[in-house]
**Q** 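The structure's right below; bear with me while I get my questions together.
Numbers here are sequence positions counted from 1. In what follows, every heavy atom counts, from backbone to side chain, and hydrogens, waters and symmetry copies are set aside.
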Amino acid sequence: MAEPLIFIVEDEETISRLLENWLTKRWGYTARMFPTGESCLDGLNEDPDLILMDIMMPGIGGVETLKEVKKRDPGLPVIMLSAQADITVAIESLKLGASDYFSKPIDFQKLEVAIRNALQLREMTSQLRDLKERIAHQLHFDNIVSSSGEMQEVFRLLNKVKDSDIPVLVLGESGTGKELISKAIHFNGNRKGGPFVVVNCASIPHDLLESELFGHERGAFTGAHQRRIGKFEQANAGTIFLDEIGELDFSLQAKLLRVIQTKEFERVGGSELIKTDVRLISATNCDLHDEVKAKRFREDLYFRLAAFPILLPPLRQRKSDILSLGEHFLRRYADEQGKPGLRFSRNALKLL
């Protein structure tokens with residue numbers, strides 16, 4: 001694996017050579033030196049992993065060069081260097097996206113840590129982006145295994161709603177793939193760059209679920225030693241998936257309804273109104289009509305959640321998918337076990 005490539009953008013050759021020596025001889029990186037901001041920008045096609053950049057340079061200054069670098073590659077870490085310990089310039093650089101700021105003479109021990117941390121963060125960000133892209137590919141409607149007419153109708157509905165913020169209620173028995181379909185809506189829609197946050201309303205005790213959803217302030221209750229950020233805050237600009245919504249405690253249903261209506265809430269024990277921008281998808285395997293009739297589920301909340309219902313048929317109602325699914329899982333098993341060429345026997349296919 002190639003060593004990380006670091007650009008040194010510095011007009012003073014003595015300092016530039018000193019930085020190059022530390023980077024290459026002591027820390028094992030690859031370094032390229034540029035005397036001006038213009039020459040650095042011209043060299044960006046070499047795909048550096050990090051830039052060390054002086055602020056005061058002839059021609060385009062460091063701050064202007066930083067702006068242009070961030071336009072071209074927002075994730076590229078840039079550490080700013082300055083002969084003046086000017087806090088105003090430091091703050092401006094950090095606001096523009098600089099990873100760190102060092103005044104000269106440089107503390108090389110601290111600089112080494114800053115470079116290592118910035119490179120690690122870039123690598124983690126790249127891995128996360130790749131993971132999201134792989135997930136999005138796997139969850140593309142065309143890659144979900146099904147050939148039945150019933151599921152093709154489901155895919156038609158998914159395409160219709162994926163870019164909308166209208167609440168979706170996914171209905172179906174246990175095992176029909178409600179979470180898979182909810183992820184597919186998110187990763188194929190216009191919020192795919194945001195988080196997808198899952199809350200199973202049945203697996204969290206009722207007295208803790210409010211804090212899980214909306215967070216709490218320090219001292220809100222016994223054991224609340226520090227502020228907790230809830231799932232609605234974590235899901236901001238993305239999607240929150242409330243699984244087993246039919247198990248939501250009646251006392252919490254009113255608060256959830258208010259969040260849907262106003263797009264704001266308060267943490268438990270707090271008074272600050274927090275704005276939220278989330279796509280809400282919920283799912284249940286129970287009959288919410290019956291729950292409403294039994295007064296266990298609010299009718300007004302039900303109609304809000306079910307603005308766009310999607311019913312997933314069980315496998316027994318789409319038997320044409322059985323062989324497709326069987327072949328899919330067999331191929332996956334064969335790949336995992338390193339046994340290419342595995343096939344079902346004729347008898348096994350008949351049994352399926």
**Q** Not counting sequence neighbours, which residues clear side chain to side chain donor-acceptor pair (under 3.5 Å) with D163? List them please.
**A**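 Scan of D163 (side chain to side chain donor-acceptor pair (under 3.5 Å), adjacent residues dropped) gives none.
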
**Q** Are K110 and D100 close enough for a salt bridge, meaning some N to O gap below 4.0 Å?
**A**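 A salt bridge is absent here (no side-chain N lies under 4.0 Å from a carboxylate O).
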
**Q** Any ion pair linking R332 and D335 (charged N to carboxylate O, less than 4.0 Å)?
**A**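 No salt bridge links D335 with R332.
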
**Q** For side chain to side chain donor-acceptor pair (under 3.5 Å), just list the numbers for S345 and N347, CA-CA rounded to whole Å, side-chain angles, deciding distance to a tenth of an Å, and then say yes or no.
**A** CA-CA 5 Å; S345 68; N347 286 338; 5.4 Å; no

**Q** Between R304 (side chain) and Q261 (backbone), is there a donor-acceptor pair under 3.5 Å?
**A**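 No: the side chain of R304 does not pair with the backbone of Q261.
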
**Q** Give me the one residue out of R318, K319, Q317 that meets side-chain hydrogen bond (donor to acceptor under 3.5 Å, both in side chains) with D321.
**A**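 Between D321 and the candidates, side-chain hydrogen bond (donor to acceptor under 3.5 Å, both in side chains) is satisfied uniquely by R318.
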
**Q** Tell me whether I51 shares a hydrophobic cluster with L96, the cluster being built from Ile, Leu, Val, Met, Phe, Trp, Tyr side chains joined at under 4.5 Å.
**A**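 Yes; L96 is reachable from I51 via cluster members.
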
**Q** Given side chain to side chain contact (heavy atoms under 4.5 Å, CB included), test F265 with K275 step by step and report yes or no.
**A** CA-CA 7 Å; F265 61 92; K275 297 287 185 180; over 6 Å; no

**Q** Pairs under 3.5 angstrom only: tabulate donor-acceptor contacts from the side chains of residues 207-215 to other protein residues two or more places apart or in another chain.
**A**
residue	atom	partner	partner atom	Å
E210	OE2	K255	NZ	2.9
S211	OG	H216	ND1	2.6
E212	OE1	R228	NH2	2.7

**Q** Test your reading of the model: is there a side-chain donor-acceptor pair from N21 to the backbone of R17, 3.5 Å cut-off?
**A**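 Side chain of N21 to backbone of R17: no pair is present.
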
**Q** Checking the side chain of E46 only, and the main-chain atoms of P48 only, is there a donor and an acceptor separated by less than 3.5 Å?
**A**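 No; judged by distance alone, with no hydrogens or angles, the pair does not exist.
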
**Q** My understanding is that only one of I185, L169, L157 makes a side chain to side chain contact (heavy atoms under 4.5 Å, CB included) with F308; could you say which?
**A**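 Looking at I185, L169, L157, the match for F308 under the side chain to side chain contact (heavy atoms under 4.5 Å, CB included) is L157.
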
**Q** Distance-only, no hydrogens or angles: does the R72 side chain make a donor-acceptor pair with backbone N or O of L41 under 3.5 Å?
**A**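 At least one qualifying donor-acceptor pair exists.
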
**Q** Less than 4.5 Å apart, any side-chain heavy atom of R267 and any of E233?
**A**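 Yes, at least one pair of side-chain atoms sits under 4.5 Å.
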
**Q** If you take all heavy atoms of G37 and M57, which pair is closest and at what distance?
**A**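 Scanning both residues, the minimum pair turns out to be N-CE, 3.9 Å.
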
**Q** Apply side chain to side chain contact (heavy atoms under 4.5 Å, CB included) to residues V259 and T276 and explain how you reach the verdict.
**A** CA-CA 8 Å; V259 174; T276 181; 4.1 Å; yes

**Q** Tell me whether the count of non-hydrogen atoms from other residues, nucleotides or ligands lying under 6.0 Å of CD in E13 goes above 12.
**A**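 Atom CD in E13 is not crowded, with 12 or fewer foreign heavy atoms closer than 6.0 Å.
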
**Q** State whether the side chain of D165 and the backbone N or O of R279 hold a donor-acceptor pair below 3.5 Å, judged by distance alone.
**A**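 Looks like no, no N/O pair under 3.5 Å.
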
**Q** Under the side chain to side chain contact (heavy atoms under 4.5 Å, CB included) rule, what do R116 and V113 come out as? Steps first, then yes or no, please.
**A** CA-CA 5 Å; R116 187 168 61 244; V113 173; 3.8 Å; yes

**Q** Do R191 and D277 come close enough that some side-chain heavy atom pair is under 4.5 Å?
**A**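 Yes - at least one pair of side-chain heavy atoms lies under 4.5 Å apart.
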
**Q** Are L242 and Y302 connected, step by step, through hydrophobic side chains (Ile, Leu, Val, Met, Phe, Trp, Tyr) whose heavy atoms are closer than 4.5 Å?
**A**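 Linked, L242 and Y302 end up in one cluster.
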
**Q** Taking the six-membered ring for Trp, are F241 and H186 closer than 6.0 Å centroid to centroid?
**A**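 No, too far apart.
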
**Q** Tell me whether Q109 at atom CD has more than 12 heavy atoms from other residues, nucleotides or ligands lying less than 6.0 Å away.
**A**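 12 or below, so no.
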
**Q** Would you check if the side chain of E244 reaches a backbone N or O of C201 as a donor-acceptor pair within less than 3.5 Å?
**A**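 Flag not set: sc E244 to bb C201 has no pair under 3.5 Å.
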
**Q** Using a 6.0 Å cut-off, check whether atom CZ of R218 has over 12 heavy atoms from anything other than its own residue.
**A**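 Atom CZ in R218 is not crowded, with 12 or fewer foreign heavy atoms closer than 6.0 Å.
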
**Q** L18, L23: one ILVMFWY side-chain cluster at the under-4.5 Å cut-off?
**A**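 Yes: a chain of side-chain contacts under 4.5 Å links L18 to L23.
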
**Q** Any heavy-atom pair between the side chains of I106 and L81 that's under 4.5 Å?
**A**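 Yes. Closest side-chain heavy atoms under 4.5 Å.
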
**Q** Please answer: with hydrophobic residues joined when any side-chain heavy atoms are less than 4.5 Å apart, are M33 and L5 in the same cluster?
**A**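 No; tracing contacts between hydrophobic side chains, which count when under 4.5 Å, never links both residues.
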
**Q** Treating K178 as the side-chain partner and G172 as the backbone partner, does any N or O pair qualify as donor plus acceptor under 3.5 Å?
**A**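 Yes, K178 side chain to G172 backbone: donor-acceptor pair under 3.5 Å.
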
**Q** Less than 4.5 Å apart, any side-chain heavy atom of I240 and any of F232?
**A**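 Yes, their side chains come closer than 4.5 Å.
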
**Q** Are the charged groups of E173 and R316 less than 4.0 angstrom apart, N to O?
**A**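 Yes.
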
**Q** Inspect the contact between R296 and E291 and indicate whether a charged nitrogen and a carboxylate oxygen are less than 4.0 angstrom apart.
**A**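 Salt bridge flag = yes for R296 with E291.
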
**Q** Looking at E153 and R156, is any side-chain nitrogen of the basic one under 4.0 Å from a carboxylate oxygen of the acidic one?
**A**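 Result for this pair is yes, salt bridge flagged.
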
**Q** Under the side chain to side chain donor-acceptor pair (under 3.5 Å) rule, collect the residues that match up with E299, sequence neighbours excluded.
**A**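 Partners of E299 under the side chain to side chain donor-acceptor pair (under 3.5 Å) test: none.
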
**Q** Is there a continuous path of hydrophobic side-chain contacts, each under 4.5 Å between heavy atoms, that joins I8 to F102?
**A**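 Yes, I8 and F102 fall within the same hydrophobic cluster.
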
